[in-house]
J.: 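Quick one: this structure, given as structure tokens, is what I'll be asking you about.
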Amino acid sequence: MAAAASLSHLLLAPKPKPNQIRAPLPSRRACVSLPRSRRPSPAISAAVASDLISPAPSLKSRLAAGDTLYGLFLLSFSPTFAELAALAGYDYVVVDMEHGPGGIPEALACLRALDAAHTPAVLRLPEASPVWAKKALDLGPAGLMLPAVETPAAAAEAISCCRYPPRGVRGAAHTVVRASNYGLDDSYLSRCEDETLIMCQVETAAGIAEIEAIAAVDGVDVVQMGPLDLSASMGYLWDPGNRKVRATLREAERKVLEARKKKVAGSDGNAAYLGGFAMPNDPAEQLKLRGYHMVAGAVDTALFRKAALDDIKRFREAVMEIGEEGDEEDEKEKEADGYWSE
């Protein structure tokens, strides 16, 4: 009877007016209560919430603020490694579609992992072409890296691939692609070209000869040095640390950095930042000290290779002769007793 009366009460109760309807309850996860001693202060909670909601500052804005950025190349296309790199604290991660095994679908999975950890992703394209640039930009990366740029004309053409008409030839699908939150971000068109970092790789002797002019092309944000391909183009594929290769790199660095200083001092025209790859003969710290603005210090597969080899080496070198462990324990017993008589 009590149950029936309760049900009758609910059925006969007047319906609430629209303005009296309560907001839905938060999810169970949101209702989890921490012990009083473990509850964060309101100030800390607000800061954490702000970090989770606010987008990461763009690479362009950080460079303009004078930051030196340290990055990692992701050759494996592993979203797990991408996420780990982001959580470890790299300033940016380059998803390498030039030398890595993945394409657009695999790159998208890595971008999602990096976005979730608030770390900018740069996509290195297999080639500087309108098709590759269009497909990559529609994913919404923080930047593109375009390989093997050898002339100012090639740089200008590469930049054109990254801009919508009338300034370029990028195909328009901004109403439906991920870069614009599938059309939900009305501000995308007004800011995408200002925020997306465009990096042109100069990695041949021919490109080095034109590096000042390439760095001056409107839209080239970073000139990325390619020491390994440069050594190959100079005939030193097996000797990237060759004296002549090093001298050529230093001269190219000087030209880009001097142009950048003039730009900071107020000169007109474009002047790109300087980016580079660390090498065994030229570690990341040295590039930073020489004035590089962006430094890629490692490749994920190389890091794992080194960690795996070191791990195997430690295990295999831990060889103990038969009876050695027992002898050590006997010695400890002698010391503990204070005396021993054979």
Side-chain angles (χ1 to χ4, degrees), residues 56 68-103 105-124 126 141-142 145 147 201 203 224-232 236-242 245-246 275-290 292 294-333 335:
T68 301
L69 306 181
Y70 188 55
L72 173 82
F73 265 66
L74 191 77
L75 195 68
S76 69
F77 277 77
S78 164
T80 299
F81 280 0
E83 183 179 41
L84 180 55
L87 296 174
Y90 285 101
D91 296 311
Y92 64 98
V93 172
V94 180
V95 182
D96 190 357
M97 293 197 293
E98 182 184 11
H99 292 291
E106 294 81 8
L108 175 58
C110 295
L111 259 65
R112 284 175 171 153
L114 292 166
D115 284 347
H118 293 262
T119 298
V122 175
L123 296 183
R124 178 156 80 159
M145 185 180 293
Q201 284 188 252
E203 46 190 344
Q224 177 81 13
M225 307 303 297
L228 200 57
D229 280 314
L230 174 62
S231 66
Y236 299 103
L237 175 61
W238 302 107
D239 187 15
N242 184 276
V245 177
R246 294 201 311 270
F277 300 94
M279 297 286 287
N281 61 289
D282 199 10
E285 311 87 77
Q286 290 300 316
L287 271 62
K288 179 181 180 180
L289 293 176
R290 294 206 302 273
Y292 275 74
M294 296 182 73
V295 178
V299 180
D300 65 334
T301 51
L303 286 176
F304 183 79
R305 177 191 65 198
K306 183 179 186 305
L309 290 173
D310 288 347
D311 183 54
I312 293 169
K313 182 180 179 182
R314 280 193 302 271
F315 180 80
R316 290 179 175 169
E317 288 182 350
V319 178
M320 185 175 290
E321 295 294 334
I322 296 177
E324 184 177 341
E325 183 178 358
D327 293 342
E328 289 180 356
E329 291 178 356
D330 291 343
E331 291 297 328
K332 290 179 181 178
E333 289 178 3
E335 294 174 1

J.: Would you check, one step at a time, whether the test side-chain contact (heavy atoms from CB on, under 4.5 Å) holds for L87 with T119?
T.: CA-CA 8 Å; L87 296 174; T119 298; over 6 Å; no
J.: Indicate yes or no: at least one non-hydrogen side-chain atom of R124 is less than 4.5 angstrom from one of Q201.
T.: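 Yes; the side chains approach each other to less than 4.5 Å.
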J.: Do L74 and F81 have side chains that get closer than 4.5 Å, going by heavy atoms?
T.: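 They are in contact (side-chain heavy atoms under 4.5 Å apart), so the answer is yes.
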J.: Could you measure the distance from the OH atom of Y236 to the CG atom of L230? Nearest 0.5 Å is fine.
T.: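 Going from the OH atom of Y236 to the CG atom of L230 covers 11.0 Å.
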J.: For the pair D310 and R314, find out whether any cationic side-chain nitrogen is under 4.0 Å from an anionic carboxylate oxygen.
T.: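 A salt bridge is absent here (no side-chain N lies under 4.0 Å from a carboxylate O).
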J.: Which pair of non-hydrogen atoms, one from A82 and one from A113, has the smallest distance, and what is that distance?
T.: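 Answer, listing the atom of A82 first, then A113: CB-CB, 4.4 Å.
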J.: Between L123 and M145, does the side-chain contact (heavy atoms from CB on, under 4.5 Å) criterion hold? Intermediate values first, please.
T.: CA-CA 6 Å; L123 296 183; M145 185 180 293; over 6 Å; no
J.: Taking atom NE2 of H99 and atom CG of L228, what is their separation to the nearest 0.5 Å?
T.: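 One gets 8.0 Å once the value is rounded to the nearest 0.5 Å.
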J.: Testing the basics here: between A232 and L237, what is the closest heavy-atom pair and its distance to 0.1 Å?
T.: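 Nearest pair, atom of A232 first, then L237: CB-CD1, 3.8 Å.
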J.: Would you indicate whether the side-chain heavy atoms of L289 and Q286 approach each other to under 4.5 Å?
T.: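 Touching, per the 4.5 Å side-chain cut-off.
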J.: What is the distance from atom OG of S231 to atom CE of M279, rounded to the nearest 0.5 Å?
T.: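 S231 atom OG to M279 atom CE measures 6.5 Å (nearest 0.5 Å).
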J.: Looking only at heavy atoms, which two atoms of M97 and G102 are closest? And how far apart?
T.: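 Where M97 meets G102 most closely, the heavy atoms are CG-O, 4.1 Å.
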J.: Measure the shortest side-chain to side-chain distance between Y70 and M294 over non-hydrogen atoms and say whether it is less than 4.5 angstrom.
T.: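 When only atoms from C-beta onward are counted, M294 and Y70 do not touch, as no gap falls below 4.5 Å.
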J.: Quick one: OH on Y92 to CG on L69, what's the gap to the nearest 0.5 Å?
T.: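 Reported value, rounded in 0.5 Å steps: 7.0 Å.
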J.: Using 4.0 Å as the upper bound for N to carboxylate O, is an ion pair formed by D239 and R246?
T.: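 So R246 does not pair with D239 through a salt bridge.
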J.: Which pair of heavy atoms, one from P240 and one from N281, lies closest together, and at what distance?
T.: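 Scanning both residues, the minimum pair turns out to be O-ND2, 4.3 Å.
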J.: Do Q224 and Y292 touch side chain to side chain, with heavy atoms closer than 4.5 Å?
T.: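 Counting from C-beta outward, Q224 and Y292 never come under 4.5 Å.
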J.: Look up atom CG in L309 and atom CZ in F304, then write down how far apart they are to the nearest 0.5 Å.
T.: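 Rounded to the nearest 0.5 Å, the CG-CZ separation comes out at 9.5 Å.
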J.: Which heavy-atom pair separates F277 from P227 by the least distance, and what is that distance?
T.: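 That would be CD1-CD, 3.8 Å.
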J.: I need the D115 CG to C110 SG distance, nearest 0.5 Å.
T.: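 Reported to 0.5 Å precision, the distance equals 11.0 Å.
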J.: Between D96 and F73 (side chain of the first, backbone of the second, donor and acceptor by atom type, cut-off under 3.5 Å), is there such a pair?
T.: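 Checking the backbone N and O of F73 against the side chain of D96, no donor-acceptor pair under 3.5 Å is found.
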J.: Looking at side-chain heavy atoms only, is the closest gap between L287 and D282 below 4.5 Å?
T.: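 Yes, their side chains come closer than 4.5 Å.
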J.: Nearest heavy-atom pair of G297 and A284: which atoms, and what distance?
T.: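 Taking G297 first and A284 second, the nearest heavy atoms are CA-CB, 4.2 Å.
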J.: Under a 4.5 Å cut-off applied to non-hydrogen side-chain atoms, are V95 and L75 in contact?
T.: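 They are not in side-chain contact.
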